[in-house]
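Heads up: numbering here begins at 1 and tracks the sequence. Both counts, for ligands and for their atoms, begin at 1 and track the order of listing.
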Amino acid sequence: MQWETVIGLEVHVQLATRSKIFSGASTAFGAEPNTQACAVDLGLPGVLPVLNEQAVAMAVQFGLAVHADIPEVSVFDRKNYFYPDLPKGYQTSQMYHPIVGAGEVEITLDDDTTKRIRIHHAHLEEDAGKSLHEDFQGMTGIDLNRAGTPLLEIVSEPDMRSAKEAAAYLKAIHSIVTYLGISDGNMAEGSMRCDVNVSVRPKGQEAFGTRAEIKNVNSFRFVERAIAFEVERQIELIEDGGKVVQETRLFDPERDETRSMRTKEEANDYRYFPCPDLLPVVLDQAYLEHLRSQLPELPADKRARFQNELGLSAYDANVLSGSREMAEFFEEVHRVCGDAKQAANWVQGELSGALNRENLSIQNSPVSAQQLGELISRVLDDTINGKAAKQVFQALWNGQGDSADTIIEAKGLKQVTDTGAIEAMIDQVIAESPAQVAQYRDSEPEKRGKMIGYFVGQVMKASRGTANPQQVNGVLKEKLDALL
Ligand code: ADP
Ligand code: MG
């Protein structure tokens, strides 16, 4: 039996407002427990929520970025349940009239093809507090700093068909929200978490299978691993004659498995009703147009422009538009050196290699975009050759000079293109290598091309890497062939 995987994601994005969605308390990460929870966040009687306009603007910008319908009216509802980290006894969310309607996101797959994933809707809600189980023996601590932090929950249609597609979708959402600047997208700090809905069905069958929902997966890698495990579990279960039950499961990264948490609750368990403390949100056309005019260039547009206007490959365009910081760095390098292909090669090659080795993000690159652009310019105008360029890069990386030019000067790396100087070095190498010259003379003409490498190496060494390799090659061939 051939099986097909069906996946839908609910992504929670923490919006980068300075204060909470319904109160003035700070949202800064990492403060002492309970120092950033005010009377509203604590659900004390007699206080009223006030909607943070910035959260609304950010949600709408996301909607515009994914080409979604933005309804004129959206409404906040109370989702009622009890939990120690929810002192109000309900979460303020949007159940029936979300702020963002249906939209779509383009994802890029490994073979550089693209696919559209539909977004069902996105709604605003508040986060709950945190239960701290580890710090207190036999007790649970409650930190309400996170209570009331604005979240945008983005619900996809069940359009993904593999773990790779799900990861690509999550990456696309991550890059849209970080391009927009509406979230820091920091998954390790919980700024982006997702619930993964997974089901399987026999290939060719139209009806979806029963799904399991894996809660709170917080890294791209875990999304893939959780899906891989879950798909296998469901297929095995069905093939053994069992049935998948609709339930909520938890991914355990240490054991690399998902475990049942509880059977799925129904919407009516929560007794949703419109929050009487908050007015419906009404957005007029002028406001939407104002927000639309402030949208930056988005990842998909940047990718298309990198390909169509700069002539980059689909692969390069995708990598370089992957994050806003990466794109901005690349564009600055390109602006300085004027050669898109070279800029792309250096950013993805030498620079990314060095960043990965030292586990640095591009924002913290010791070599600035300006410096890298100038370095590339010196290769393009033949001041230095490729080999010397790598030395200059290393020196810039190590802080041994503040520009390519000062390093080239200090290290004497200027490319030697003076024919007289090159000829002199070649004559000397030939004079010192009688055995290799004899070998060259005696070998088949078609093998001589390969043998020339030895002489080029010697001349480059004699020039301390500064000779122009093409020139060395040409002159050497002439001189050696003259000896035949
Ligand atoms: P609920 O409100 O119970 O969470 P929804 O219908 O809103 O359920 O769906 C939640 C998520 O589950 C959506 O992202 C949707 O795409 C996904 N989903 C729904 N049905 C399936 C299915 N059979 N297999 C995989 N994912 C599904
Ligand atoms: Mg759900």
Side-chain angles (χ1 to χ4, degrees), residues 3-13 62-63 66 68 74-75 77-81 90-91 93-105 107 115-125 128 151-174 176 192-217 223-224 226-235 237-238 242-251 258 260-273:
W3 295 92
E4 182 173 52
T5 306
V6 174
I7 302 159
L9 256 50
E10 296 162 278
V11 182
H12 294 84
V13 174
F62 174 79
V66 297
S74 60
V75 178
D77 300 295
R78 291 186 178 181
K79 178 181 182 177
N80 300 281
Y81 67 96
Y90 60 86
Q91 177 194 29
S93 181
Q94 297 184 312
M95 176 66 180
Y96 303 106
H97 300 284
I99 190 158
V100 173
E104 60 177 27
V105 167
I107 63 169
K115 176 175 172 176
R116 281 175 203 283
I117 305 297
R118 291 170 301 156
I119 286 175
H120 181 273
H121 78 271
H123 64 262
L124 279 169
E125 61 185 27
L151 299 178
L152 183 66
E153 176 170 344
I154 304 158
V155 181
S156 84
E157 294 284 355
D159 284 352
M160 286 149 275
R161 295 290 174 267
S162 67
K164 285 248 179 295
E165 288 188 12
Y169 170 79
L170 197 58
K171 285 209 177 96
I173 297 288
H174 185 268
I176 290 170
M192 228 175 110
R193 323 188 276 272
C194 82
D195 301 342
V196 187
N197 295 270
V198 183
S199 65
V200 296
R201 63 180 172 188
K203 234 192 166 103
Q205 175 184 306
E206 201 169 323
F208 288 140
T210 304
R211 72 180 197 265
E213 178 173 5
I214 311 162
K215 281 278 177 203
N216 267 330
V217 190
V223 165
E224 290 197 50
I227 294 171
F229 174 85
E230 187 56 21
V231 167
E232 209 162 305
R233 185 189 71 87
Q234 293 184 14
I235 293 174
L237 186 62
I238 302 169
K243 258 191 169 159
V244 175
V245 289
Q246 192 171 335
E247 62 182 353
T248 304
R249 299 180 69 87
L250 212 64
F251 176 63
T258 67
S260 182
M261 224 166 99
R262 54 171 192 253
T263 55
K264 173 91 183 151
E265 63 292 329
E266 299 288 331
N268 57 19
D269 294 338
Y270 290 118
R271 314 318 280 178
Y272 280 98
F273 65 87

Per-atom contacts of ligand 1 with [X], taking only distances under 4.0 Å to non-hydrogen atoms:
| X | answer |
| --- | --- |
| F208 | 23 (N) |
| V6 | 24 (N), 25 (C) |
| G8 | 14 (O), 16 (O), 17 (C), 26 (N) |
| L9 | 14 (O) |
| V155 | 13 (C), 14 (O) |

Classify the contact between D159 and ligand 1 as side chain, backbone, both or neither, using a heavy-atom distance cut-off of under 4.0 Å.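 The answer is neither.
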
Taking heavy atoms and a distance under 4.0 Å, where does E157 meet ligand 1: side chain, backbone, both or neither?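 For E157, the contact with ligand 1 is made by the backbone alone.
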
Look at atom 27 (C) of ligand 1 and find which of R211, R201, Q246 reaches it with the closest heavy atom.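 Closest candidate by heavy-atom distance is R211.
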
Can you check which of C194, G209, S156, P158 brings a heavy atom nearest to atom 23 (N) of ligand 1?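 The nearest heavy atom belongs to G209.
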
Can you tell me if [X] uses its side chain to pair, donor with acceptor, with the backbone of [Y] under 3.5 Å?
| X | Y | value |
| --- | --- | --- |
| Q94 | L124 | yes |
| E165 | R161 | yes |
| R78 | Y90 | no |
| K115 | D159 | yes |
| E153 | S93 | no |

Does an N or O anywhere in T210 fall below 3.5 Å from an N or O of ligand 1?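 Checking ligand 1 against T210, no N or O pair falls under 3.5 Å apart.
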
Test ring-ring contact (aromatic ring centres under 6.0 Å, His included) applied to H12 - qualifying residues, sequence neighbours left out: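 In terms of ring-ring contact (aromatic ring centres under 6.0 Å, His included), with neighbours along the sequence ignored, H12 is linked to no residue.
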
Less than 3.5 Å apart, any donor N or O on the side chain of R211 or N197 sitting next to an acceptor on the other?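 A donor-acceptor contact under 3.5 Å links the two side chains.
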
